[in-house]
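Presented below is the structure to which this report refers.
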Amino acid sequence: MAKKNLYEILEVDADASQADVKKSYRKLARQYHPDLNPEDDEAAKMFKLVKEAYDVLSNPLERDKYDEMLFSGAGGGSTDWDDEDEEEDIFANGDGSMSSATARSDAPVNGNDLRYDLEITFEDSAFGLETEIRLQRSSGCDVCSSTGTEPGTQTEPCMNCNGTGRVNVTRSTPYGPQTTTAVCEVCHGRGRIVPYPCARCNGTGQIQVFDSIPVKIPPGVDEGARLRIRGRGEPGQNGGTPGDLYIVVHIKDHPIFERHGNEILCEKQITFAQAVFGAEIEVPTLEGAAKMKIPPGTQTGTIFRLRGKGIWDSNSGARGDQHVKVSIMTPVNLTDKQKGLLLKFAQSLGEDTRYLGR
Ligand SMILES: [Zn+2]
Ligand SMILES: [Zn+2]
């Protein structure tokens with residue numbers, strides 16, 4: 001037996017008002033209530049299904065999503081409802097308190113939030129960035145005014161359901177055949193079909209448009225930061241407010257610098273002589289090469305600090321430091337003469353040179 005869809009379970013039409021959904025739910029909930037049907041597994045199952053169906057259909061937003069799934073044919077007719085949207089409870093009008101006068105097609109529906117993942121360079125994360133992103137979103141088709149019907153043509157009544165949008169389905173039950181109404185599969189409960197779909201939108205009534213949105217990334221932005229741009233999400237319907245756009249920032253790795261909070265770290269190799277005598281060396285910074293002094297007798301692994309050369313702290317407005325970790329390069333490919341000098345040097349320090357080079 002095919003699974004029923006949520007409308008069939010609640011025994012309402014696909015275009016039933018919120019009031020009708022509620023009324024039918026109350027009737028069925030009473031009918032199948034476990035207290036009134038002790039030890040009746042079938043009734044208990046129905047009670048649960050009715051409750052689940054009502055949870056979805058009483059929430060205009062969830063109902064819209066379900067309609068989209070049902071009428072697009074994705075899993076159509078099934079009661080499996082993937083209820084993974086954690087935001088379902090925060091929407092206004094989700095409490096089923098709408099009056100019967102408010103048909104759902106007229107109810108304001110807030111637009112969905114959108115997410116855009118933006119990858120920026122390490123330098124841009126440090127100093128901030130003004131850029132523009134191009135965002136694809138759906139918009140009402142301008143050719144057919146969102147009707148999905150090619151201009152100059154008309155919709156026609158659905159032959160399968162005689163324009164009613166529903167069909168009778170008879171199934172056998174332990175108590176004999178039972179007839180219920182189901183949403184017409186041909187017209188998806190609309191009662192009319194579109195013989196000539198709009199060529200621009202393929203009959204969907206929606207087209208994809210591109211928005212150019214200026215984006216200002218503040219200095220010091222960190223990996224995974226979310227910037228909210230109000231009102232640039234999907235448009236609302238029937239006077240609902242548009243959603244917000246969330247820009248999620250991703251920072252590319254840098255070949256030289258590593259970031260730790262607002263501090264940055266890089267490594268710099270120095271020669272043995274520089275380590276011994278001390279020197280003024282050149283180190284990379286986010287703003288190009290800079291001079292740095294190392295003292296005589298610098299050991300490998302020593303970390304030096306360049307104040308204020310790190311990342312801006314967006315809260316305090318202060319700038320972090322840069323840390324430079326030095327390591328001493330071991331000379332390679334020495335000539336015999338150089339090796340001789342180094343050997344003499346080692347001996348002068350009293351080093352046991354008998355095993356060197358073995
Ligand atoms: Zn169109
Ligand atoms: Zn039909």
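What you see is a predicted model; the values in this text were computed from it and never measured. In each ligand, atom 1 is the first atom listed, and ligand 1 is the first ligand listed.
- Thr170 and Thr179 share a donor-acceptor pair across their side chains, judged by distance under 3.5 Å alone.
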Verdict with reasoning, Arg307 to Glu263, per salt bridge (Lys or Arg N to Asp or Glu O under 4.0 Å) = CA-CA 10 Å; Arg307 287 200 186 277; Glu263 317 269 284; over 6 Å; no

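- Relative orientation of the Phe345 and Phe272 rings is perpendicular, given thresholds of 30° and 60° on the angle between their planes.
- Between the side chains of Tyr7 and Arg63, at least one donor-acceptor pair of N or O atoms lies under 3.5 Å.
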ask   = Which is it for Tyr25 and Tyr54 under the ring-ring contact (aromatic ring centres under 6.0 Å, His included) test, yes or no, and what are the steps along the way?
value = CA-CA 6 Å; Tyr25 165 66; Tyr54 179 69; 3.9 Å; yes

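- Among the atoms of His188, no N, O or S atom falls under 2.8 Å of the Zn ion (ligand 2).
- Shown here are the protein N/O/S atoms lying under 2.8 Å from the Zn ion (ligand 1), water excluded: Cys141 SG, Cys144 SG, Cys198 SG, Cys201 SG.
- Note: angle at the Zn ion (ligand 2), from SG of Cys184 to SG of Cys187, is 100° (rounded to 10 degrees).
- Arg228 forms no cation-pi arrangement with Tyr246, by the criterion of a distance under 6.0 Å to the ring centre and an angle within 45° of the ring axis.
- For the pair SG of Cys158 and SG of Cys161, the angle at the Zn ion (ligand 2) is about 110°; rounding is to 10 degrees.
- Residues Glu287 and Arg319 are paired through a salt bridge, judged by an N-O separation under 4.0 Å between the basic side chain and the carboxylate.
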